[in-house]
Amino acid sequence: MITLKYEFNRIEKKWQDRWTQENIYHTPNSSDKPKFYGLVEFPYPSGHGLHVGHARPYTAMDVVARKRRMDGYNVLFPMGYDAFGLPTENFAIQNHIHPAKVTEQNIANFTKQLQMLGYSFDWDRVVDTTDPGYYKWTQWIFLQLFKKGLAYKTSMPVNWCTSCKCVLANEEVVNGGCERCGSEVIRKEKSQWMLKITEYAQRLIDDLDDVDFIERVKTQQKNWIGRSTGAEVTFKTTQGDDLVVYTTRPDTLFGATYMVLSPEHPYINQWKDVLGNWDEVTAYVEAAARKSDFERTELVKEKTGVKLEGVRGINPVNGKEIPIFISDYVLVSYGTGAIMAVPAHDDRDWEFAKKFGCEIIEVVKGGDVEKEAFTLKDDTGIMVNSDFLNGMTVKDAIPVITEWLTKEGIGHQKVNYKLRDWVFSRQRYWGEPIPLVNCEKCGWVALPEEQLPLLLPEVESYEPTDTGESPLAPMTDWVNTTCPCCGGPAKRETDTMPQWAGSSWYFLRYMDPKNTEALASKEALEYWGQVDWYNGGMEHTTLHLLYSRFWHKFLYDIGVVPFAEPYKKRTSHGMILGEGGEKMSKSRGNVVNPNDVIAQYGADTMRMYIMFIGDFEKAAAWSDNAVKGCKRFLDRIWNLAENVAEGDEYSKDNEALVHKTIKKVSDDIENMKFNTGIAALMTLTNQFYDKGVNKAEFKTMLQMISPFAPHMADELWEQFGFEGYASTASWPVYDESKTIASEVTIAVQVGGKLKSTVTVPMGSEEAAVMEIVTADSKIAKLMEGKEIVKVIHVPNKLVNLILKPKA
RNA sequence: GCCGGUGUGAUGAAAUUGGUAGACGUAGCGGACUCAAAAUCCGCCGCUGGCGACAGCGUACCGGUUCGAGUCCGGUCACCGGCACCA
């Protein structure tokens, strides 16, 4: 009945227009149907346009969303733009265009590209983080954090990207370089707005138990937060000041033979007058301050340090005086910035002790502490040289000593986290203004909510400054304002928020994107609740994903959202690599542009291929040839349409495989095993070529390919005169009992080795199977002169015969 | 160093979780159609030996458990990702 050629360009345009006109993917905020909220990470609309890396997660979630829609869910599947950020700003600087203008053009381009791929987004819900109507609420959330004391300004050494001329959060420093541009990161003392994410550290760990995130995301977040349990112990000093250290091994206190302060420790200045080698000390402190993070953490280098002459610590367990050093292997930002060193049982301390000639005392039996530190993998070592701990295992000694320290008032149990507070200000133009003013009398004051959004002012130059000031700083008209509290003169904060601000809550805005009274209405927040399924990149695990969980918990605490966790389920996709397995990059010239693929093969082929390319969670290399294979598959389905026989029920030949395929494809979509789901559809198509296909079977096929190739499915659906659209049809159901064929081919093994196969009726008993097996010529031959010792029969799978020579 | 992951044909990968290894797709080879090519359709396609029926080997490597191991256990190697002087 079909005589037309498969003109994918015409067909895809036709259906994209039709879907838009009929608005078939519009999502109401209430429904009798169960709700499903599927989310993908919204893109940063760069000038380069959409790349194939976007297409993988977007297509995957589109397939899931389409299938869930067919399953009868009210599906929220939205899209938006995370548009604040440096590339746009840099482009604007170079080309003398306002970043807002650049953003507008890029968004238009991205939207067009996304529509060309046939995604079923509800386009009425698009959000743009740079829209004042949006960032009003980003600022509002910041103000709530400020009011609850979770945003504070402090001067501290921060990471400074020398190229972006901007501070970075710890999460943004990768291998000592800038996460975005890779440039060198140095430390700089600056006054910065900080968010107290550390206050949520424990909850961010604990609540991972309540969500369905893939394991590597959970462990990566846990490692990043880095919880450890130990003890804080107070050491007296000959100077009279108490020096508090943190240790995870209080059991080794008797082996603490010296102490180390980080070069930034406040006691160093405090002890200035008593230190006999002050010049040497200051020289070391200054040298440490000049080092970049990278230099400081380089492992290969030798330990350095300076002994403080004139002050000694006193080990509280035995009253022994021990030397105090400063060294940059101790970090200010972790624990108390000071440690007790136990060289016998810590590699770093051992190395330092050897170099500086410190005493090494073994307190756990088992190693040779003169040769190397004895660090235990388990906690079953036996304590020695440790007075009342002697003879105990490490495991038993820890609580005993901790209790003793507590009783004596010189220590207590303590939990520490590697996580640090979130450095939240940026010295750049294209970000959300921080809605605070500084008044000489009142200090930092929040803008009243009715003054939000605080708009970005027009500036003459967006360029970042070498002084570390924001480009907003010279805008005196804007900066100078009055204090909302006392009416006196005040200055606005000129730093802006980091890129991660807008993305920390965007999924809530989708629920009610046009609300002017709240970030979203109570009803919408309650109706949509948690994101049911969020797919995104592993690179955001300790950035966006962690930040947004933190913000969400805060919003939960102040009663704005009804759930403590934003995302019920999190999955992650692997990267798409270039043809040779190398990372795609302009310099390698192996970048695949989705527009080209669509022009040559069509969006349906592009979608099909990107889902068929391999295991969704793993990296996969692009292959032009394999794209052709997917095009061929779609052609084969199209060509099949001409030979569809009449029939309202599945034929005998195809029935079992059709039911089996429905089951397979349904399960595979839910488990993101798209590649094998598509393979099953190919197998079914091959059988249709072999055995013929009728209308009922073909209709089911169209329903199943609809999530993957929605344009073709809708076109053929219409040509066959089926009701409505394939896109909105119901998902086919399978009958478990019909997935089973009447006969089954089973393996026949002798001694565990495959020797033959036989076909038996489904569900045959052992006796019946054996009758057929012994009649098999190959088996009969093998059994000559042998007798059966044992038969292992696995119904519908195999029989295994154990033979031995006849006596 | 610590944490996580992976290792299967020429190649991208499958394998109902202990039951016929290599489904499905690429590439390759052969055939049909065509003046020819492309497209399409049909067939073959792990390695070794043999004309052949067939036999032996085979899931990084070594060993173990089992009637039976890609899958489980112990050890080794290689690669990828994250964290990294966190006391």
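Chain naming here is simple, since letters A, B, ... match the order of the sequence lines and numbering starts at 1 in each.
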Applying salt bridge (charged side-chain N to carboxylate O under 4.0 Å, His left out), can you list everything that pairs with [X], at least two apart in sequence or on another chain?
| X | result |
| --- | --- |
| A/K307 | none |
| A/K355 | A/E302 |
| A/K786 | none |
| A/R216 | A/E617 |

Expressed as a whole number of Å, how far does the [atom1] atom of [N] sit from that of [M]?
| N | M | atom1 | result |
| --- | --- | --- | --- |
| B/rC45 | B/rA38 | P | 24 Å |
| B/rG4 | B/rA15 | P | 24 Å |
| B/rG81 | B/rA87 | P | 26 Å |
| B/rA27 | B/rA39 | P | 9 Å |
| B/rA14 | B/rU66 | C1' | 25 Å |
| B/rG70 | B/rU20 | C1' | 14 Å |
| B/rA69 | B/rG58 | P | 11 Å |
| B/rU17 | B/rC77 | P | 34 Å |

Neighbours of RNA chain B within residues 657-665 of chain A, by heavy-atom distance under 4.0 Å:
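Under 4.0 Å from RNA chain B: no residue of residues 657-665 of chain A.
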Indicate yes or no: at least one non-hydrogen side-chain atom of A/I225 is less than 4.5 angstrom from one of A/L546.
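Contact flag for A/I225/A/L546 side chains = yes.
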Between A/F708 and A/F612, is any pair of side-chain heavy atoms under 4.5 Å apart?
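The answer is no; the side chains never approach within 4.5 Å.
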Among [options], the one nearest [X] by side-chain distance:
| X | options | answer |
| --- | --- | --- |
| A/Q220 | B/rC85, B/rG82, B/rC67 | B/rG82 |
| A/R216 | B/rG4, B/rC41, B/rA84 | B/rG4 |
| A/K673 | B/rA15, B/rC67, B/rA84 | B/rA15 |
| A/I339 | B/rC67, B/rA87, B/rC41 | B/rA87 |

Quickly work out the [X] [atom1] to [N] [atom2] distance and round it to whole Å.
| X | N | atom1 | atom2 | result |
| --- | --- | --- | --- | --- |
| A/E539 | B/rC83 | CD | P | 12 Å |
| A/Y334 | B/rA84 | OH | C1' | 13 Å |
| A/N643 | B/rC41 | CG | C1' | 12 Å |
| A/I802 | B/rU66 | CD1 | P | 13 Å |
| A/F688 | B/rC41 | CZ | P | 16 Å |
| A/D328 | B/rA87 | CG | C1' | 15 Å |
| A/H265 | B/rA87 | NE2 | P | 17 Å |
| A/E579 | B/rG12 | CD | C1' | 11 Å |

Ring pair (Phe, Tyr, Trp, His ring centres under 6.0 Å) partners for A/F616, two or more places apart:
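Applying ring pair (Phe, Tyr, Trp, His ring centres under 6.0 Å) to A/F616 gives A/F674.
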List RNA chain B stems (3 or more consecutive Watson-Crick/G-U pairs, under 3.5 Å)?
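Looking at RNA chain B, the stems formed by three or more consecutive pairs are B:1-7 with B:77-83, B:10-12 with B:24-26, B:28-32 with B:40-44, B:46-49 with B:54-57, B:60-64 with B:72-76.
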Nearest heavy atom decides the nucleotide; on that basis, is A/D690 or A/T336 closer to the 5' end of RNA chain B?
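It is A/D690, whose closest nucleotide lies nearer the 5' terminus.
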Go nucleotide by nucleotide along RNA chain B from the 5' end; which of A/E171 and A/G751 gets its closest nucleotide reached first?
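Between the two, 5'-proximity favours A/G751.
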Shorter than 3.5 Å, N or O on both sides, protein versus nucleotides 48-57 of chain B: list them out with atom names.
from	atom 1	to	atom 2	distance (Å)
B/rC57	OP2	A/K753	NZ	3.3

Using the purine O4'-C1'-N9-C4 or pyrimidine O4'-C1'-N1-C2 torsion, is B/rU17 syn (within 90° of 0) or anti?
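Syn, since the glycosidic angle lies within 90° of 0.
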Glycosidic conformation of B/rG81, taking syn as within 90° of 0 and anti otherwise:
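Judged by the O4'-C1' to base torsion, B/rG81 sits in anti, the angle falling more than 90° away from 0.
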Examine A/F352 together with A/Y258 and report whether their ring centres are nearer than 6.0 Å.
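So the answer is yes for these two rings.
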A/W350 and A/F374: aromatic ring centres closer than 6.0 Å?
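Not close enough - the centres of the two rings lie 6.0 Å or further apart.
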So how far is it from A/Y601 OH to A/R632 CZ, rounded to the nearest 0.5 Å?
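Rounded to the nearest 0.5 Å, the OH-CZ separation comes out at 10.0 Å.
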Gap separating the CD atom of A/E199 from the CG atom of A/L419, nearest 0.5 angstrom:
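Separation between the atoms: 12.0 Å.
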For nucleotides 19-30 of chain B, tabulate all protein N/O to nucleotide N/O atom pairs closer than 3.5 Å, reporting atom names and distance.
from	atom 1	to	atom 2	distance (Å)
B/rG19	N2	A/Q749	OE1	3.4
B/rU20	O4	A/T745	O	2.8
B/rG25	OP1	A/N686	ND2	3.2
B/rU26	OP1	A/R632	NH1	2.9

Base of B/rC85 paired with side chain of A/K303 (donor-acceptor, under 3.5 Å)
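Flag set: donor-acceptor pair detected.
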Output a table of donor-acceptor pairs, distance under 3.5 Å, between side-chain atoms of residues 661-669 of chain A and any protein atom two or more places apart or on a different chain; print 'none' if there are none.
from	atom 1	to	atom 2	distance (Å)
A/T661	OG1	A/L657	O	2.6
A/K664	NZ	A/D668	OD2	3.3
A/S666	OG	A/I662	O	2.6
A/S666	OG	A/W731	NE1	2.9
A/D668	OD2	A/T676	OG1	2.9
A/D668	OD2	A/G677	N	3.0

Would you mind classifying the nucleic acid contact of A/R227 as base, sugar-phosphate or nothing, using non-hydrogen atoms under 4.0 angstrom?
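The answer is nothing, as A/R227 stays clear of every strand by at least 4.0 Å.
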Looking across every strand, which nucleic acid part, if any, lies under 4.0 Å from A/D615 by heavy atom: base, sugar-phosphate, or nothing?
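Touches sugar-phosphate only.
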Pairing of A/D635 and A/K631 as salt bridge, 4.0 angstrom limit
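Looking at A/K631 together with A/D635, the answer is yes, because their closest N to O distance falls below 4.0 Å.
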So, are A/K790 and A/E766 salt-bridged, with charged N and O less than 4.0 Å apart?
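Here A/K790 does not pair with A/E766 in a salt bridge, since their nearest N and O are not under 4.0 Å apart.
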Does a side-chain N or O from A/Y329 land closer than 4.0 Å to OP1 or OP2 of B/rA87, or not?
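Indeed not, no polar side-chain atom of A/Y329 lies that close.
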Show me the donor-acceptor pairs, under 3.5 Å and distance only, between side chains in residues 793-801 of chain A and residues at least two apart or in other chains.
from	atom 1	to	atom 2	distance (Å)
A/N796	OD1	A/G763	N	2.8
A/N800	OD1	A/G751	N	3.4
A/N800	OD1	A/G752	N	2.9

With sequence neighbours excluded, tell me which residues meet side-chain contact (heavy atoms from CB on, under 4.5 Å) with A/T257.
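Applying side-chain contact (heavy atoms from CB on, under 4.5 Å) to A/T257 gives A/P343, A/E359, A/I361.
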